[in-house]
Each structure stands twice: as C-alpha cells, then as structure tokens.
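Beneath this line is the structure, given in structure tokens, with notes to follow.
Heavy-atom basis, side chains included; hydrogens, waters and symmetry copies ignored. Sequence positions, counted from 1, serve as the residue numbers for this chain.
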Amino acid sequence: MMKTLMISVALGAVALASPAFAQVMTPAEYVMTAGASDLYEITASRTVLETTQNPQLRDFAQMMVADHNKSTADVKAAATRSHVRAAPPKLDPLQQELVAELRAENGAARDAAYIAQQKASHGQALNVQKAYAMEGTAPALKSAASAIVPVVEQHIAMLMKM
C-alpha cells in the first residue's frame, strides 16, 4: 500500500513536471497521451474487476471501462477529422508499473491500491484534457478534450467519496 501511495505521488509529480505542461502539446502528443491514459484506466479497471467484492467499486470500474473506451473512440474520431496520425496507445513505464502493482495485490489491498491510483491518474488526466481544451491547436481535438473534461471531473467526484 505504501508503494501505491509513493507511485501515485510520483504520477502526480510527473504530470506537473512534464514538458507537456510547460508548452502546448502537439495534436499527436495529445492523442498519444490521452490514449495511454485511457488504456491505463481500462487495464487497471479490468484488473480490479477480476477480484473486487465491493459492489460500489465494481460499478465504478465497469463505468471506467465504458467511459474510457468512449473517450478513446472520441479522440480517435477527432484525430481522423484533424488528419492527425498517432501510433496505437501504449502504457508508459510508470503506467506499466502501476498495473503490475495492482496485479500483485489481492482483495482489499488491490481495491485500496486501485482507488489511490485512480485518484492520482484522474488528476493527471484532468490536467491534460483541460490544457488541450484551452490551448490545443486542432479544433476537433480541442472539442473532444472539452467534452471529456466534465466526465473526468465526475470520476474525480465519485473517487473522493470512496
């Protein structure tokens, strides 16, 4: 659990120190970042769904899979309209480590690790979406990011009650 907290703090620190926050992301960078974020959320949620006995957490994780599949599809469609090519999303090394940590936990420890990771990753996702919605250069992608912001804010509000 302590490792989860340390990784979650590191995730937040990486987000704030990232060059993407020092300058506007290119459309391709945004598509890759949003795609990796969605892939992480889907993978982590499917992992917790394998074992959780908590009905509230199960509902939340199922919603994460659905909502992040939708945001991936929305960003891909906007990228196509913007003539932006990006490689298929992949987890970055930190996201890979977070998923591995979830897989190493069981029961209530996995549930707690998932919630801690989700709080940190959704904070990072919100920063990315808000930044691109405000300062992005591809109108279709800006629109997609703007539509994603309230969904991420809803997720954060739900997480704060867990």
Identify the heavy atoms of Pro150 and Ser146 that sit nearest to each other, and give their distance. CD-O, 3.1 Å
Could you see if Leu98 belongs to whatever hydrophobic cluster contains Leu39? Use Ile, Leu, Val, Met, Phe, Trp, Tyr and a side-chain cutoff under 4.5 Å. yes
Donor-acceptor pair between Gln96 and Tyr40 side chains, under 3.5 angstrom: no
Which atom pair, heavy atoms only, marks the closest approach of Ala133 to Lys142? O-CE, 3.2 Å
Distance-only check: which donor-acceptor pairs under 3.5 Å involve side-chain atoms of residues 153-162, not counting sequence neighbours?
{"unit_1": "His155", "atom_1": "ND1", "unit_2": "His122", "atom_2": "NE2", "d": "3.2"}
{"unit_1": "His155", "atom_1": "NE2", "unit_2": "Asp67", "atom_2": "OD2", "d": "2.7"}

Salt bridge (charged side-chain N to carboxylate O under 4.0 Å, His left out): pairs with one or both residues in residues 112-129, sequence neighbours excluded: none
Is there a side chain to side chain contact (heavy atoms under 4.5 Å, CB included) between Arg46 and Ile42 once you walk through the steps? CA-CA 6 Å; Arg46 286 183 177 153; Ile42 292 165; 3.6 Å; yes
In Å, rounded to the nearest 0.5 Å, how long is the span from CG of Asp92 to OG1 of Thr33? 9.0 Å
What I'd like to find out is whether the side chain of Val151 reaches to under 4.5 Å of the side chain of Gln129, using heavy atoms alone. no
Under a 4.5 Å cut-off applied to non-hydrogen side-chain atoms, are Leu126 and Lys130 in contact? yes
For Thr137, enumerate each residue passing the side-chain contact (heavy atoms from CB on, under 4.5 Å) test, keeping only those at least two apart in sequence or located in another chain. Pro27, Tyr132
Residues passing the side-chain hydrogen bond (donor to acceptor under 3.5 Å, both in side chains) test with Lys70, sequence neighbours excluded, are Asp74
Rounded to the nearest 0.5 angstrom, the CG-OH distance for Leu141 and Tyr30 is 6.5 Å
Hits for side-chain contact (heavy atoms from CB on, under 4.5 Å) against Ser45, two or more places apart or cross-chain, chain-then-number order -> Ala61, Met64, Val65, Tyr114
Partners meeting side-chain hydrogen bond (donor to acceptor under 3.5 Å, both in side chains) with Glu41 (sequence neighbours left out): Gln118, Ser121
Atom pair OG/NZ of Ser71 and Lys76 - distance to nearest 0.5 Å: 11.0 Å
Under the side-chain contact (heavy atoms from CB on, under 4.5 Å) test, which residues partner Ala28, sequence neighbours left out? Thr26, Val84
Atom CG in Leu57, atom OG1 in Thr52: separation rounded to 0.5 Å? 4.0 Å
Could you work out, with side-chain hydrogen bond (donor to acceptor under 3.5 Å, both in side chains) as the rule, every residue matching Thr51, not counting sequence neighbours? Arg110
For Thr43, the side-chain hydrogen bond (donor to acceptor under 3.5 Å, both in side chains) test, sequence neighbours excluded, returns none
Side chain to side chain contact (heavy atoms under 4.5 Å, CB included) evaluation trace for Val48 with Leu102: CA-CA 7 Å; Val48 83; Leu102 280 180; 5.6 Å; no
Any chain of hydrophobic side-chain contacts (each under 4.5 Å) joining Val149 to Met134? no
Apply side-chain contact (heavy atoms from CB on, under 4.5 Å) to Asp59 and list each qualifying residue two or more places apart in sequence or on a separate chain. Gln62
